[in-house]
Amino acid sequence: MTDVQAPVRPKRKKNIMDLLVQFRWIVVIFVVLPLSFLYYFSIYLGDVRSESKSFKQRQKEHDENVKKVVKRLKDRNGSKDGLVCTARKPWVAVGMRNVDYKRARHFEVDLSPFRNVLNIDTERMIAKVEPLVNMGQISRVTVPMNVSLAVVAELDDLTVGGLINGYGIEGSSHIYGLFSDTVVSYEVVLADGQVVRATKDNEYSDLFYAIPWSQGTLGLLVSAEIKLVPIKEYMKVTYKPVVGNLKEIAQAYMDSFSPRDGDQDNREKVPDFVETMVYTPTEAVCMTGRYASKEEAKKKGNVINNVGWWFKTWFYQHAQTALKKGEFVEYIPTREYYHRHTRSLYWEGKLILPFGDQWWFRFFFGWAMPPKVSLLKATQGEYIRNYYHENHVIQDMLVPLYKVGDALEWVHREMEVYPLWLCPHRLYRLPLKTMVYPEPGFELHKRQGDTKYAQMYTDVGVYYAPGPILRGEVFDGIEAVRKLESWLIENHGFQPQYAVSELTEKNFWRMFDGSLYENCRKKYKAIGTFMSVYYKSKKGKKTEKEVQEAEQETAEVETPEVDEPED
């Protein structure tokens with residue numbers, strides 16, 4: 001029994017929206033899944049066509065496309081045209097946040113051609129890619145070469161540009177940090193049409209550190225060089241069940257990847273991959289992975305599980321079997337492991353298609369999964385979209401590792417969402433104070449998981465319908481998100497802005513540090529050309545007048561000092 005009890009809530013009256021959502025699977029089956037399959041297939045053909053070209057040819061086409069972007073920006077009349085944003089349709093974004101900023105008058109720049117892998121340099125261990133390259137595409141190219149991006153986000157559809165300008169994490173982030181921490185350089189088109197290459201040690205180093213979390217509001221990213229790491233053919237995965245209260249589950253999770261003796265950089269003690277799934281307030285499964293060779297995986301007695309086959313049990317349900325049969329080990333082909341949550345969209349697939357996890361559906365129709373998130377959004381309409389915002393949670397809470405137990409108890413008390421996803425990541429102490437940053441003086445406490453140069457954080461992924469909704473009780477989703485954001489601010493946590501946010505502008509800049517960002521906005525003339533990150537992330541429709549007034553107010557504010565961490 002958990003030590004934390006959720007409040008008793010009154011029953012709520014159902015309405016027509018509940019009925020529409022309950023039977024939304026009909027639209028998904030007959031409309032979204034077929035369209036998704038055709039879309040994925042067309043994208044795959046485009047990727048194959050791109051891969052048939054030499055790197056030299058792809059680079060030549062890239063340079064020509066960059067010139068088109070530069071020309072487009074220079075053709076813009078700042079006094080007549082709206083603020084710049086990409087020509088991508090609002091519903092195409094993978095995140096659940098509504099792209100309402102595009103409802104205001106804006107000046108579109110087409111970045112759709114930027115979806116090519118430009119080079120894989122196995123000597124420098126660098127991949128050069130365009131921003132619309134997604135994780136499925138890049139892993140298909142690199143894994144057969146026994147190399148990979150250091151951080152490969154789990155869902156195939158997530159793009160390089162989104163993971164850099166926004167937020168990206170994976171089971172290897174406890175070693176390498178967030179996705180943006182693995183970037184070596186950015187190629188950016190600035191507001192005035194100038195094309196620059198930003199690295200951590202050149203004249204654009206401030207821009208290099210300001211781009212992550214900026215939501216593309218400092219310039220247009222047209223390519224990035226990203227760190228590669230050597231890999232092996234298989235992942236040896238250990239599933240360890242944990243039974244106890246939420247604080248005990250949190251400690252078991254911490255122990256699964258962070259040695260209590262503080263030897264966090266010892267790769268013999270720290271696994272290559274980590275994640276934990278919390279299924280109930282008293283049950284969880286900790287998973288750790290280590291790269292393994294084909295020879296090791298195929299030794300007699302070892303179990304190989306091809307989780308990527310369409311008919312296989314959804315990964316989160318497969319991992320849950322450890323609670324019944326105890327700890328076990330198996331080998332999963334590396335690329336299939338990377339994308340283990342794609343087919344079921346973690347566990348959101350169970351809400352989208354209530355019978356999607358049944359053996360008969362997986363066997364006959366599993367090949368069509370997952371439905372494309374953007375098509376789900378495009379077919380839901382505004383009323384259903386608002387229904388989900390009020391009765392459904394898709395949020396990530398980035399919190400210091402030592403506070404993960406408190407975060408789990410908070411989620412149970414306020415939301416009762418299960419399963420929960422736990423994934424650790426390093427938050428580095430950088431030369432400049434960026435939008436997200438570790439707690440001041442963290443290195444003095446020598447807490448579990450921390451090093452002198454990075455504080456260990458964890459992502460608490462909260463994705464599902466809250467317990468009160470499933471029980472037919474009253475639940476205020478908007479107020480719950482506001483409470484979540486307040487809790488994060490009080491505990492030096494962060495909320496990725498792909499999700500629906502209720503933050504006011506004041507609280508947004510209490511959660512994030514804006515000094516470097518605003519300095520770069522002025523220095524690189526983004527003000528008056530690109531919308532600010534707050535207004536781009538803000539929930540609700542943006543009028544042109546509101547956006548322009550905010551831009552003017554920002555332009556009149558004195559440039560803040562950029563904080564630099566003390567040595």
Side-chain angles (χ1 to χ4, degrees), residues 47 50-51 55 58-67 69-70 86 88 93-94 109 111-142 147-153 156-170 172-173 176-190 194-229 428 430 434-436 498 517 520 524 526 530 533:
D47 294 343
S50 171
E51 291 163 19
F55 286 139
R58 292 181 228 175
Q59 183 64 51
K60 181 180 178 181
E61 292 178 1
H62 170 80
D63 293 340
E64 292 172 353
N65 288 327
V66 170
K67 290 178 182 177
V69 171
V70 170
T86 67
R88 187 171 66 167
V94 175
V109 177
L111 296 183
S112 60
F114 292 87
R115 55 182 322 110
N116 299 297
V117 176
L118 298 176
N119 192 23
I120 302 295
D121 189 336
T122 54
E123 292 186 4
R124 295 173 57 225
M125 291 300 280
I126 296 292
K128 185 177 182 181
V129 298
E130 293 180 321
L132 292 183
V133 169
N134 65 37
M135 294 298 98
Q137 179 183 357
I138 187 66
S139 66
R140 188 170 57 247
V141 172
T142 60
V147 296
S148 170
L149 298 185
V151 175
V152 182
D156 288 25
D157 254 4
L158 298 175
T159 63
V160 167
L163 295 168
I164 287 173
N165 285 311
Y167 155 79
I169 192 173
E170 221 279 1
S172 59
S173 289
Y176 301 108
L178 297 176
F179 187 88
S180 55
D181 292 316
T182 67
V183 177
V184 176
S185 73
Y186 301 109
E187 183 185 11
V188 182
V189 182
L190 300 178
Q194 183 182 4
V195 182
V196 302
R197 180 175 180 268
T199 71
K200 64 181 179 181
D201 52 12
N202 73 357
E203 60 184 308
Y204 300 104
S205 60
D206 54 351
L207 182 63
F208 176 85
Y209 287 113
I211 284 175
W213 293 75
S214 69
Q215 301 290 332
T217 59
L218 295 173
L220 296 174
L221 178 69
V222 290
S223 77
E225 291 183 309
I226 307 172
K227 178 180 180 180
L228 292 170
V229 295
Y428 289 99
L430 300 172
T434 56
M435 284 184 65
V436 296
Y498 78 87
Y517 170 77
C520 286
Y524 297 108
F530 300 103
V533 65

> Under the side-chain contact (heavy atoms from CB on, under 4.5 Å) criterion, do V160 and V133 qualify, and how do the steps go?
Replying inline: CA-CA 6 Å; V160 167; V133 169; 4.3 Å; yes
>> Between E130 and V222, does the side-chain contact (heavy atoms from CB on, under 4.5 Å) criterion hold? Intermediate values first, please.
In response: CA-CA 6 Å; E130 293 180 321; V222 290; over 6 Å; no
> Which heavy atom in T217 sits nearest to a heavy atom in A526, and how many Å separate them?
Replying inline: O-CB, 3.6 Å
>> With a 4.5 Å cut-off on side-chain heavy atoms, are V151 and I169 touching?
In response: no
>> For F208, give me all partners under ring pair (Phe, Tyr, Trp, His ring centres under 6.0 Å), at least two apart in sequence or on another chain.
In response: Y186
> Atom CD in Q59, atom CG in N119: separation rounded to 0.5 Å?
Replying inline: 8.0 Å
> Between K200 and Y209, does a side-chain contact (heavy atoms from CB on, under 4.5 Å) hold up when you go through it step by step?
Replying inline: CA-CA 7 Å; K200 64 181 179 181; Y209 287 113; 3.3 Å; yes
>> Holding to side-chain contact (heavy atoms from CB on, under 4.5 Å), I want the full list of residues that pass it with N65, two or more places apart in sequence or in another chain.
In response: K68, P113, F114
>> With a 3.5 Å distance limit and no angle check, can you tell me whether D181 reaches the backbone of Y428 through a side-chain donor-acceptor pair?
In response: no
> What do the steps show when you test V189 against Q194 for side-chain contact (heavy atoms from CB on, under 4.5 Å), and what is the final call?
Replying inline: CA-CA 6 Å; V189 182; Q194 183 182 4; over 6 Å; no
> Atom CG of L158 and atom CD1 of I138: how far apart are they, to the nearest 0.5 Å?
Replying inline: 14.0 Å
>> For the backbone of M135 and the side chain of S139, can you confirm whether one donor and one acceptor N or O come within less than 3.5 Å of each other?
In response: yes
> For V184, what residues pass the side-chain contact (heavy atoms from CB on, under 4.5 Å) criterion, not counting sequence neighbours?
Replying inline: I126, E225
> Once you round to the nearest 0.5 Å, how far does CG of L228 lie from CD1 of I120?
Replying inline: 5.5 Å
>> Between N202 and T199 (side chain of the first, backbone of the second, donor and acceptor by atom type, cut-off under 3.5 Å), is there such a pair?
In response: yes
>> If we ignore hydrogens and angles and just use 3.5 Å, is the side chain of S172 paired with the main-chain N or O of A150 as donor and acceptor?
In response: yes
> Of all heavy-atom pairs between V229 and L149, which one has the smallest distance, and what is that distance?
Replying inline: CG2-O, 4.1 Å
> What is the minimum heavy-atom distance between S214 and V533, and which atoms define it?
Replying inline: O-CG2, 3.7 Å
> How many angstroms lie between atom OH of Y167 and atom OG of S180, to the nearest 0.5 angstrom?
Replying inline: 10.5 Å
>> Go through it in stages, so that I can follow the logic: the residues are D121 and K128, the test is salt bridge (Lys or Arg N to Asp or Glu O under 4.0 Å), and I'd like the CA-CA distance, side-chain angles, deciding distance and then a yes or no.
In response: CA-CA 8 Å; D121 189 336; K128 185 177 182 181; over 6 Å; no
> Knowing that exactly one of V196, V188, L218, L207 qualifies, which makes a side-chain contact (heavy atoms from CB on, under 4.5 Å) with Y524?
Replying inline: L207
> Which atoms form the tightest heavy-atom contact between E187 and S223, and what is the distance?
Replying inline: OE1-OG, 2.6 Å
>> Tell me whether S205 contacts the main-chain N or O of D201 through its side chain, where contact means a donor paired with an acceptor under 3.5 Å.
In response: no
> Does Q137 reach the main-chain N or O of R115 with its side chain, forming a donor-acceptor pair under 3.5 Å?
Replying inline: yes
>> Please check this pair: side chain of T159 against backbone of G162, looking for a donor-acceptor N/O pair closer than 3.5 Å.
In response: yes
> Is any side-chain heavy atom of V117 less than 4.5 Å from a side-chain heavy atom of E51?
Replying inline: no
> Can you tell me how far CG of L111 sits from CG of L132, rounded to the nearest 0.5 angstrom?
Replying inline: 7.0 Å
>> Using modelled atom types and a 3.5 Å cut-off, is there a donor and acceptor pairing between side-chain atoms of T122 and backbone atoms of M125?
In response: no
> So, for P131 and L221, which heavy atoms are closest and what is the spacing to 0.1 Å?
Replying inline: CG-O, 3.3 Å
> If you round to the nearest 0.5 Å, how far is CG of N165 from CZ of F179?
Replying inline: 11.0 Å
